[in-house]
2 protein chains.
Amino acid sequence: MPNGRRQILSFLLPGDVLTGSLFQGPLQFSVKALTAIQISTMKREEIDARVAVNLRILWAAAECCADEARAADETIAALGQFSAEERIAHLFLQLMKRIASRNVIRDERYRLPLRQQHIADAVGLTPVHVSRVLSSFRERRVADLSNGVLEVFDLRELQRLGALN
Amino acid sequence: MPNGRRQILSFLLPGDVLTGSLFQGPLQFSVKALTAIQISTMKREEIDARVAVNLRILWAAAECCADEARAADETIAALGQFSAEERIAHLFLQLMKRIASRNVIRDERYRLPLRQQHIADAVGLTPVHVSRVLSSFRERRVADLSNGVLEVFDLRELQRLGALN
DNA sequence: CGACCCTTTGACGAGCTTCAATACGCGTGG
DNA sequence: CCACGCGTATTGAAGCTCGTCAAAGGGTCG
């Protein structure tokens, strides 16, 4: 951003689709990999050709885009109305839900290759304050994020803090 | 929201399309009119029928949805990284741009039927603080919002505060 | 072993919220 | 016509959350 700060709009998980450049011009944001990745791309012409054959593809892409919009709305609500603790709890819940829908989770432990700086840029706080909140979570036995692993001890409390409805 | 607060996700202007329920189930939010309005709705079956005839309609709907997502991303960035002044400036600029693309604006005066409470709920501040910021804008001869009219005196300064790129 | 990155912690300050009082415009009813 | 109530905006004082600055610790890799 112009002021030198960074806003992380969302975290892509393995298998996620990036529709950003499908329905509009160039991306308004950049994408950065936190892990080793594999990407599949599709050229416009190929998409047009496939859509011509099977209309459902276009519906699916649109739905995917709509899901992005819905997630963005949730983020807006969290950033606008939540305190630091609640925002971080909300981010955790979002990521957990998405990871859980892909993998089988055992023991409420989630692999998250995130630095505190990433969390800070995603929820609009300073890394220093993120550290404080995480320490508090740890101390209160709510959750613990260290060494790239998020461990949830008290899911209820986390939901009480960061759930939107 | 659960805590009794409200987040305004966006302001719809005359002619805006609400694609919310097109590509996903029930709306995750509610819609409230600030003025007298007229709505045109279209049933699913009718949409499907029209899409079958002309594919471009689906593309247009998807593009519309993608625009929403892009606007949401901007809002996320503003809420996450901007101060109170900057967020309000950004909201003004967004609204001005959208209004200007519809109407012809003379004299940098925009009709906005917004209470300070609406602004507060849109940018995640308290009405009290919104009042302070608006007073400051007025005093510094940047802009003046009163009686439902936004008047911009110093567009440059407003952009310096609230522009994203 | 030393350099570097990340995290933690403390002290202090700024920005925003909260609480409360006041003022203003507007419609209603006496 | 004024009195009253209601919603909205303004302003001040006090307090809390979060940011900033700075220092120190720990892990990892050369």
Side-chain angles (χ1 to χ4, degrees), chain A residues 1 3-8 32-36 78-92 111-151 161-162, chain B residues 1 3-8 32-35 77-92 111-151 161-162:
Chain A
M1 294 179 57
N3 49 14
R5 305 179 67 173
R6 170 178 70 164
Q7 176 66 41
I8 294 180
K32 179 174 173 181
L34 297 182
T35 65
L79 292 187
Q81 309 298 333
F82 275 179
S83 69
E85 279 197 353
E86 294 167 331
R87 279 186 251 183
I88 294 181
H90 179 255
L91 174 62
F92 284 174
R111 297 223 64 238
L112 291 181
L114 300 182
R115 313 280 89 186
Q116 294 186 356
Q117 179 75 60
H118 296 127
I119 308 207
D121 289 341
V123 299
L125 297 170
T126 56
V128 178
H129 201 64
V130 170
S131 171
R132 285 189 230 276
V133 171
L134 293 186
S135 296
S136 170
F137 280 176
R138 209 170 292 139
E139 207 173 295
R140 286 148 56 193
R141 303 246 72 198
V142 176
D144 175 39
L145 174 62
S146 24
N147 305 318
V149 175
L150 171 66
E151 193 162 0
L161 285 171
Chain B
M1 293 178 58
N3 49 14
R5 306 179 66 171
R6 172 178 70 166
Q7 175 65 41
I8 294 179
K32 180 174 173 179
L34 297 181
T35 64
L79 293 187
Q81 310 297 333
F82 275 0
S83 69
E85 279 197 354
E86 292 167 331
R87 280 186 249 182
I88 294 181
H90 178 255
L91 174 61
F92 284 174
R111 297 224 62 237
L112 291 181
L114 299 181
R115 315 281 86 187
Q116 294 186 355
Q117 178 74 60
H118 296 129
I119 310 210
D121 290 340
V123 298
L125 297 170
T126 56
V128 178
H129 201 63
V130 170
S131 171
R132 286 190 228 275
V133 171
L134 292 186
S135 296
S136 169
F137 280 175
R138 209 170 291 139
E139 207 171 296
R140 286 147 58 192
R141 304 246 74 199
V142 176
D144 174 40
L145 174 61
S146 24
N147 305 320
V149 175
L150 170 67
E151 194 162 0
L161 285 171

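Chain letters run A, B, ... following the sequence lines, proteins first, then strands; residues in each count from 1.
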Heavy atoms of other groups near A:Arg140 CZ, more than 12 under 6.0 Å: yes
Rounded to whole Å, CG of B:Leu114 lies from C1' of D:dG7 at a distance of 16 Å
When the distance from CD of B:Gln117 to C1' of D:dT10 is rounded to whole Å, what number comes out? 15 Å
Within less than 4.0 Å of OP1 or OP2 of C:dT8, is there a side-chain N or O belonging to A:Gln116? yes
Please check the phosphate of C:dT8 (OP1 and OP2 only) for any side-chain N or O of A:Ser131 closer than 4.0 Å. yes
Regarding A:Leu134, tell me which of base, sugar-phosphate or nothing describes its non-hydrogen contacts under 4.0 Å with the strands shown. nothing
Mind calculating the distance between NE2 (B:His129) and P (C:dA14) to the nearest angstrom? 15 Å
D:dT17 P sits how many Å from A:Leu161 CG, rounded? 14 Å
Under 3.5 Å, is there a donor-acceptor pair between the B:Glu139 and B:Ser136 side chains? no
By the 4.0 Å heavy-atom rule, please label B:Ser83 as base, sugar-phosphate, or nothing. sugar-phosphate
Just to be sure I understand the rule, does A:Gly148 reach a base, reach only the sugar-phosphate, or reach nothing, if contact means heavy atoms closer than 4.0 Å? nothing
Value in whole Å for how far the C1' atom of C:dT7 lies from CD1 of A:Ile119: 12 Å
Nearest to the side chain of A:Leu125, heavy atoms from C-beta on, is which of C:dC16, D:dG19, D:dG12? D:dG19
CG/B:Asn147: more than 12 non-hydrogen atoms of other groups inside 6.0 Å: no
Going through the checks in order, is the side chain to side chain contact (heavy atoms under 4.5 Å, CB included) test met by B:Asp144 and B:Leu150? CA-CA 6 Å; B:Asp144 174 40; B:Leu150 170 67; over 6 Å; no
Examine D:dT11: is either OP1 or OP2 under 4.0 Å from a nitrogen or oxygen in the side chain of B:Ser135? Give yes or no. yes
Under the criterion side chain to side chain contact (heavy atoms under 4.5 Å, CB included), I'd like the reasoning laid out for A:Phe82 against A:Leu91: C-alpha separation, chi angles, the key distance, then a yes or no. CA-CA 11 Å; A:Phe82 275 179; A:Leu91 174 62; over 6 Å; no
Can you tell which of D:dC21, C:dA11, C:dT17 lies closest to the side chain of A:Arg132? C:dA11
To the nearest Å, how far apart are A:Arg87 CZ and D:dT17 P? 13 Å
Could you tell me the separation between the CZ atom of A:Phe82 and the P atom of D:dC18, rounded to a whole number of Å? 13 Å
For the side chain of B:Ala84, counting heavy atoms from C-beta on, which of C:dC16, C:dT17, C:dG10 is nearest? C:dC16
Rounded off to whole Å, could you give me the CG-to-C1' distance for the B:Leu34 and D:dT8 pair? 15 Å
So what does A:Arg138 touch, heavy atoms closer than 4.0 Å: a base, only the sugar-phosphate, or nothing? sugar-phosphate
